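For reference, the structure discussed in these notes is given below.
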Amino acid sequence: MQSKEHWEKVYTKKAPTEVSWFQEHAALSVKLIRNATVPASASIIDVGGGASTLVDDLLALDYEKITVLDLSSSALATAKERLGKRASHVIWREENVLEAEFTEHGYDVWHDRAVFHFLTSAEERHRYVQQVMGAVKPGGLVMVATFAEDGPTQCSGLPVVRYSAGALHSEFGEPFELIGHERESHQTPDGSEQKFIYCLCKKMM
């Protein structure tokens, strides 16, 4: 997996609103969470959340148990500063998702926008799925968004793996039931377009 040093450089060289994945609001993620009738008491982890505004949107909707995990201390610091006093209501974890220790079945919802597609080796992807299996409750939701088949071939100078909904679901396999998927055309701050695929799965075991 890409190094912590790489992402610290990314977040120190560019303002949070200048990185290609910036969203003023994580509208599609919020829509999928709301459509799945996730209660406000649910425990939600945003993997690779960094400086993402998803945490702002979830707090505004009165979600009470949010964890944000990211490699970059700079990204997490940006989110904390933006949230001000509300940051104290969030659990912040500066860790690599492949190495982090999670409470068994500690989360109702696992959200990842644009981490999984950086895992270019089968070993990394297998480890990631193992982490999800252990961390998410049976019946919990797993939402993963990656570049779509017609999306970019790299991001921030790193290669990525592009997916269709079927190919992304197959990486997770039978323990996860695909209950929905949507495409997104994301407009980057510099005006270019990136195609994403979002898959929403239910963990069956």
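Keep in mind that what you see is a predicted model, and the values were worked out from it rather than measured.
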Open item on the list: For the NZ atom on K137, are there more than 12 heavy atoms of other groups (residues, nucleotides or ligands in this structure) within a distance under 6.0 Å?
Closed with: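 Yes - once you tally the heavy atoms of other residues, nucleotides and ligands closer than 6.0 Å, there are more than 12.
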Open item on the list: Is it the case that over 12 heavy atoms from other parts of the model lie below 6.0 angstrom from the CD atom of Q154?
Closed with: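 Counting neighbours around CD of Q154, more than 12 heavy atoms of other residues, nucleotides or ligands fall under 6.0 Å, so yes.
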How many angstroms lie between atom [atom1] of [X] and atom [atom2] of [Y], to the nearest 0.5 angstrom?
X    : Y    : atom1 : atom2 : result
L141 : L32  : CG    : CG    : 10.0 Å
H126 : Q130 : NE2   : CD    : 3.5 Å
E64  : H89  : CD    : NE2   : 10.5 Å
T67  : H111 : OG1   : NE2   : 14.0 Å
I66  : D46  : CD1   : CG    : 9.0 Å
D112 : C199 : CG    : SG    : 11.5 Å

Task: E184-Q23 side chain donor-acceptor pair, cut-off 3.5 Å - done: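 Looking only at side-chain atoms, Q23 and E184 do form a donor-acceptor pair, the distance falling under 3.5 Å.
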Open item on the list: Under a 3.5 Å cutoff, is there a donor and acceptor pairing between the side chains of T53 and H25?
Closed with: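 No, H25 and T53 have no side-chain donor paired with an acceptor closer than 3.5 Å.
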Looking only at heavy atoms, what is the nearest atom pair of [X] and [Y], with distance?
X    : Y    : value
Y107 : I44  : CD2-C, 4.2 Å
G50  : A79  : O-CB, 3.5 Å
T146 : V144 : CG2-CG1, 4.1 Å
C155 : F147 : CB-CE1, 3.8 Å
A26  : D57  : N-OD2, 2.9 Å
S164 : A167 : OG-N, 3.1 Å

Same cluster or not: [X] versus [Y], using hydrophobic residues (I, L, V, M, F, W, Y) connected whenever any side-chain heavy atoms lie under 4.5 Å apart?
X    : Y    : answer
L71  : I91  : no
Y163 : V129 : yes
V161 : L178 : no
L61  : L54  : yes

Do the side chains of [Y] and [X] get nearer than 4.5 Å, heavy atoms only?
X    : Y    : value
V97  : L69  : yes
E193 : S185 : yes
T120 : V160 : no
V136 : H105 : no
P175 : K203 : no
V90  : L59  : yes
L58  : I33  : yes

Open item on the list: Per the side-chain hydrogen bond (donor to acceptor under 3.5 Å, both in side chains) rule, what does the pair list look like for residues 76-85, sequence neighbours excluded?
Closed with: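 Sorted pair list: D56-R82.
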Is [X] reaching over with its side chain to a backbone N or O of [Y], donor-acceptor style, under 3.5 angstrom?
X    : Y    : value
Y63  : V38  : yes
H181 : Y198 : no
E99  : E95  : no
S72  : S74  : yes
T103 : G106 : no
R162 : G151 : yes
R183 : I197 : no
E171 : R125 : no
H169 : F176 : yes
S43  : D108 : no

Inspect the contact between [Y] and [X] and indicate whether a charged nitrogen and a carboxylate oxygen are less than 4.0 angstrom apart.
X    : Y    : answer
K202 : E177 : no
E149 : K195 : no
K4   : E94  : yes

- [ ] Measure from NZ or CZ of R113 to the centre of the six-membered ring of F196 and say whether it is under 6.0 Å with the direction within 45° of the ring axis.
- [x]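 R113 over F196 ring: yes.
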Open item on the list: Ring-plane angle category for W110 and F102, please: parallel below 30°, perpendicular beyond 60°, tilted otherwise.
Closed with: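 Aromatic pair W110/F102 classed perpendicular.
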TODO: Measure the acute angle between the ring planes of F116 and F172, then classify it against the limits of 30° and 60° as parallel, tilted or perpendicular.
DONE: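 The arrangement is tilted - the two ring planes meet at 30° to 60°.
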- [ ] Sorted by first residue and then second, give each salt bridge (Lys or Arg N to Asp or Glu O under 4.0 Å) pair with at least one member in residues 65-78; sequence neighbours left out.
- [x]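 Pairs touching residues 65-78 that pass the test: none.
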